[in-house]
Q: 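One structure coming up, written as structure tokens, with questions to follow.
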Amino acid sequence: MALLDIVFGILQILIHNVQLVGEELDEETRKRMELRAEMLKRETTRLWQEEEQMNQEQRSQESNGFTWVSLLLSTLQHWQFWAVAAVLVLLFGLCWWLRKRSHEPEGEEESSGNNVEEEEEHGEENGNANEAEEENDDADEAQEENDEANGAEEANDDANDPGRFFEENIQWPFQHPDRNCQAVRRLTQSFILIYQHFFSNTCLPVLENAIEVGNAFEGWSPREEDITYRLLVPLKPPRGHIFHLELGLVWPLRNFRIHMDLVCTCEMEQPAGETRCFLHDSEQEQRSNVGPNILDDLCTDSYLDVQKIACYFQMFVRRSWRALPLVALCRLTVLPSDRSCKFSVTRGREQRILIELLFGVQEGDSDIFVSSQYTEAAYTPSTMWPETYAVAEMKFFRHIARYAQPDTYHLRCLQLCVRCLLGRDFSTYTLKTIVMHLLTAIPLSEWRRRHFWERLNDIMMYLQSCLEEKQLNHFFIGNENVPEEIILPLELRVAEPVNLFQHLTQNPDAHEHAQLEFEELRSRLRRLVLQGR
């Protein structure tokens with residue numbers, strides 16, 4: 001455009017000059033001037049055409065460039081839209097994931113790094129999204145700090161966890177509890193089935209299925225080396241006889257004698273081949289019958305004799321063992337016992353299993369029995385059967401286990417306290433009674449492993465209070481907190497509470513000795529506490 005302006009200016013000057021001078025110059029000069037002007041005009045026209053063509057090409061190129069640029073800008077804007085949308089979706093997913101997995105700092109760092117890269121790539125268009133992400137990062141960092149603090153606190157709790165300490169440092173009993181209990185159960189049932197097969201229609205007591213009782217089946221034991229699996233075998237009178245319980249001594253607990261009475265069976269349906277009535281048949285006819293008789297073989301003065309029953313059943317177990325398949329694999333040893341049938345079963349060089357069969361008679365339809373168990377008295381007549389609450393205790397601990405969490409440590413507390421009693425004069429039943437009272441007073445949720453020390457302290461405080469007051473009530477007698485599923489005789493439910501520490505009120509020396517024993521027990525537990533912490 002500048003070149004054309006210059007050419008047109010020169011042309012106008014020349015034409016103007018020609019017109020002015022033409023009047024003075026000759027004809028020849030004028031013609032040369034006109035030819036020169038015509039030539040310049042043609043040259044100018046050519047230059048103008050070339051310039052115009054160049055301008056058209058430039059405009060075409062500019063137009064094409066503008067179209068490409070517009071298309072590129074449109075494409076960029078479309079890509080940026082989807083990129084922003086993708087980034088927002090990604091940021092939303094990362095925020096959700098970081099909140100869920102805030103305890104993983106690596107993932108958090110990666111997401112933060114990605115956010116920085118995205119911020120640099122998209123610039124101002126993603127500024128709002130990055131600001132929102134920064135706020136989420138701040139929240140996640142705060143959450144991470146809280147998690148780290150909680151983790152440190154949990155680690156500190158684990159380091160001081162009494163339950164963990166005792167799990168790692170104390171050899172608890174029952175290497176294979178389920179297997180041992182199952183083996184004992186099967187073996188006892190085998191003996192009972194053999195007895196029922198041979199003596200079902202005789203004048204010997206009828207044996208019912210054995211009931212698992214005692215600390216081994218409850219899940220705790222003072223020492224692992226002398227775990228004894230105890231079972232109570234209920235006795236029923238044979239046909240034509242009846243058991244009559246006669247209350248004897250009442251202190252500290254009730255004791256009974258079991259009188260054997262005859263009943264008329266004349267009107268009753270008789271077993272096949274049996275026509276006798278022990279009440280109305282002549283004594284001579286009864287004696288002529290060959291076979292064992294409960295009155296002659298197992299009674300003393302018509303009272304069921306504990307020692308005779310124990311001796312008779314020991315002999316039966318020894319002879320029945322030969323008929324069992326286990327005789328080729330295991331060795332049976334009957335152990336001395338005058339009020340129960342106690343024996344051991346050993347397989348190869350493995351540790352032997354101790355089994356004790358106690359005999360009992362049920363009080364009505366309740367969970368209370370009179371049994372052949374030993375008493376604390378120096379001498380117990382063979383016709384004396386003390387009242388036992390072993391079946392009710394077993395049902396109580398099963399009731400607790402049904403509603404307790406897996407890490408409930410009430411049995412650990414009981415076992416540890418009983419172990420500290422070894423060599424002391426305190427009875428294990430005393431601590432067992434205290435734990436049962438506390439289990440009905442303290443919610444099961446507070447017997448978890450983290451409450452181990454607190455519950456041990458509660459047991460010691462309860463025992464100390466009982467010693468000071470010389471009062472420890474029996475758990476099942478006159479106690480309104482006994483679970484309803486445990487069936488007790490009515491006279492026990494409405495009875496006045498029985499004080500197991502009654503002897504301390506009558507003997508000051510015994511009370512002083514018990515207090516000294518308590519201090520020793522507490523010092524032993526304190527040493528364990530210091531060791532555990």
Side-chain angles (χ1 to χ4, degrees), residues 180-214 216 227-241 243 258 260 271-274 286-300 303-361 369 371-374 382-383 385:
N180 290 346
C181 291
Q182 186 70 14
V184 170
R185 190 180 299 111
R186 289 178 178 176
L187 179 59
T188 304
Q189 187 64 21
S190 298
F191 287 132
I192 293 177
L193 289 176
I194 294 175
Y195 181 93
Q196 292 174 345
H197 177 74
F198 285 101
F199 303 107
S200 59
N201 293 324
T202 66
C203 293
L204 292 180
V206 177
L207 301 186
E208 295 190 329
N209 293 334
I211 304 174
E212 301 164 357
V213 297
I227 295 176
T228 301
Y229 295 86
R230 291 184 174 87
L231 300 99
L232 180 66
V233 181
L235 303 178
K236 291 291 186 180
R239 187 187 62 85
H241 300 76
F243 292 151
I258 304 175
M260 182 64 61
E274 184 65 57
Q286 293 182 24
R287 291 181 178 177
S288 63
N289 181 60
V290 179
N293 187 288
I294 187 173
L295 287 171
D296 296 337
D297 298 336
L298 302 180
C299 290
T300 298
Y303 289 98
L304 210 57
D305 193 299
V306 171
Q307 295 182 1
K308 290 182 178 181
I309 292 177
C311 181
Y312 190 90
F313 206 81
Q314 290 170 7
M315 180 180 61
F316 167 78
V317 167
R318 189 182 291 109
R319 293 180 179 178
S320 300
W321 174 257
R322 302 171 187 173
L324 297 178
L326 290 175
V327 69
L329 302 174
C330 304
R331 184 176 71 257
L332 176 91
T333 303
V334 178
L335 303 175
S337 177
D338 58 356
R339 296 186 67 89
S340 64
C341 179
K342 193 173 184 179
F343 55 92
S344 65
V345 178
T346 308
R347 180 173 182 175
R349 297 182 179 180
E350 295 181 3
Q351 184 179 6
R352 65 178 183 173
I353 298 179
L354 296 176
I355 304 173
E356 184 176 16
L357 302 180
L358 300 170
F359 306 98
V361 174
F369 288 74
S371 73
S372 62
Q373 68 182 11
Y374 289 92
S382 61
T383 57
W385 296 68

Q: For the side chain to side chain contact (heavy atoms under 4.5 Å, CB included) test, which of Ser337, Ser372, Cys341 pairs with Leu357?
A: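 It is Cys341, the one option of Ser337, Ser372, Cys341 that forms the side chain to side chain contact (heavy atoms under 4.5 Å, CB included) with Leu357.
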Q: Which atom pair, heavy atoms only, marks the closest approach of Val213 to Leu232?
A: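 That would be CG2-N, 4.1 Å.
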Q: Evaluate Leu187 against Trp321 for side-chain contact (heavy atoms from CB on, under 4.5 Å), listing each step before the verdict.
A: CA-CA 10 Å; Leu187 179 59; Trp321 174 257; 3.9 Å; yes
Q: Would you confirm whether Gln196, through its side chain, and Leu207, through its main-chain N or O, come within 3.5 Å as a donor-acceptor pair?
A: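 Judged by distance alone, yes, a pair lies under 3.5 Å.
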Q: Search all heavy atoms of Met260 against all heavy atoms of Cys299 and return the closest pair with its distance.
A: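 Closest pair (atom of Met260, atom of Cys299, distance): CB-SG, 4.2 Å.
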Q: About how many Å separate CZ of Phe359 and CH2 of Trp385, when rounded to the nearest 0.5 Å?
A: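 It is 8.0 Å, given to the nearest 0.5 Å.
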Q: Side chains of Tyr312 and Met315: closer than 4.5 Å at any heavy-atom pair?
A: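 Answer yes - side chains close enough.
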Q: What do you reckon, is CZ of Phe198 surrounded by more than 12 foreign heavy atoms closer than 6.0 Å?
A: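 Open: at most 12 neighbouring heavy atoms sit under 6.0 Å from CZ of Phe198.
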Q: Any idea how Phe316 and Phe191 line up, ring-wise: parallel (<30°), tilted (30 to 60°), or perpendicular (>60°)?
A: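 Perpendicular.
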Q: Quick check against the 3.5 Å criterion: does Glu212 have a side-chain atom that pairs as donor or acceptor with the backbone of Arg185?
A: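 No, Glu212 side chain to Arg185 backbone: no donor-acceptor pair under 3.5 Å.
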Q: If I compare all heavy atoms of Leu298 with all of Lys308, which pair ends up nearest, and what's the gap?
A: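 Closest heavy-atom pair between Leu298 and Lys308: CD2-O, 3.9 Å.
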Q: Do Glu356 and Ser340 have a side chain donor and acceptor closer than 3.5 Å?
A: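 A pair is found: one side chain offers a donor N or O, the other an acceptor, under 3.5 Å apart.
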Q: Any idea which heavy atoms bring Ala216 and Thr228 closest together, and the distance?
A: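 Heavy atoms of Ala216 and Thr228 come nearest at CB-O, 3.4 Å.
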Q: Angle class for the Tyr195/Phe313 ring planes (parallel below 30°, perpendicular above 60°, tilted otherwise)?
A: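 Rings of Tyr195 and Phe313: tilted, 30 to 60°.
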Q: Given Leu235, which of Leu204, Ile294, Leu304, Val206 fulfils the side chain to side chain contact (heavy atoms under 4.5 Å, CB included) condition?
A: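 With Leu235 as partner, Leu204, Ile294, Leu304, Val206 yield a single side chain to side chain contact (heavy atoms under 4.5 Å, CB included), made by Leu304.
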Q: Measure the spacing between CG of Leu354 and OG1 of Thr333 and express it to the nearest 0.5 Å.
A: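 Leu354 CG to Thr333 OG1: 10.0 Å, rounded to 0.5 Å.
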Q: Which pair of non-hydrogen atoms, one from Asp305 and one from Ser382, has the smallest distance, and what is that distance?
A: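 Heavy atoms of Asp305 and Ser382 come nearest at OD2-OG, 2.9 Å.
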Q: Could you check if a side-chain atom of Leu332 sits within less than 4.5 angstrom of a side-chain atom of Val317, using non-hydrogen atoms only?
A: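 Sidechains of Val317 and Leu332: in contact.
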Q: In Å and rounded to the nearest 0.5 Å, what is the CG to SG distance from Asp297 to Cys311?
A: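 Result: 11.0 Å between the selected atoms.
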Q: Once you round to the nearest 0.5 Å, how far does OH of Tyr229 lie from CD1 of Ile355?
A: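 Reported value, rounded in 0.5 Å steps: 9.0 Å.
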Q: Check Glu208 against Val233 and note the closest heavy-atom contact, atom names and distance.
A: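 So the minimum-distance heavy-atom pair works out to O-CG1, 3.9 Å.
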Q: How long is the span from the OG1 atom in Thr383 to the CD atom in Gln307, to the nearest 0.5 Å?
A: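 The distance works out to 9.5 Å.
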Q: What is the distance from atom CG of Leu329 to atom CG of Leu324, rounded to the nearest 0.5 Å?
A: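 Here the rounded value is 11.5 Å.
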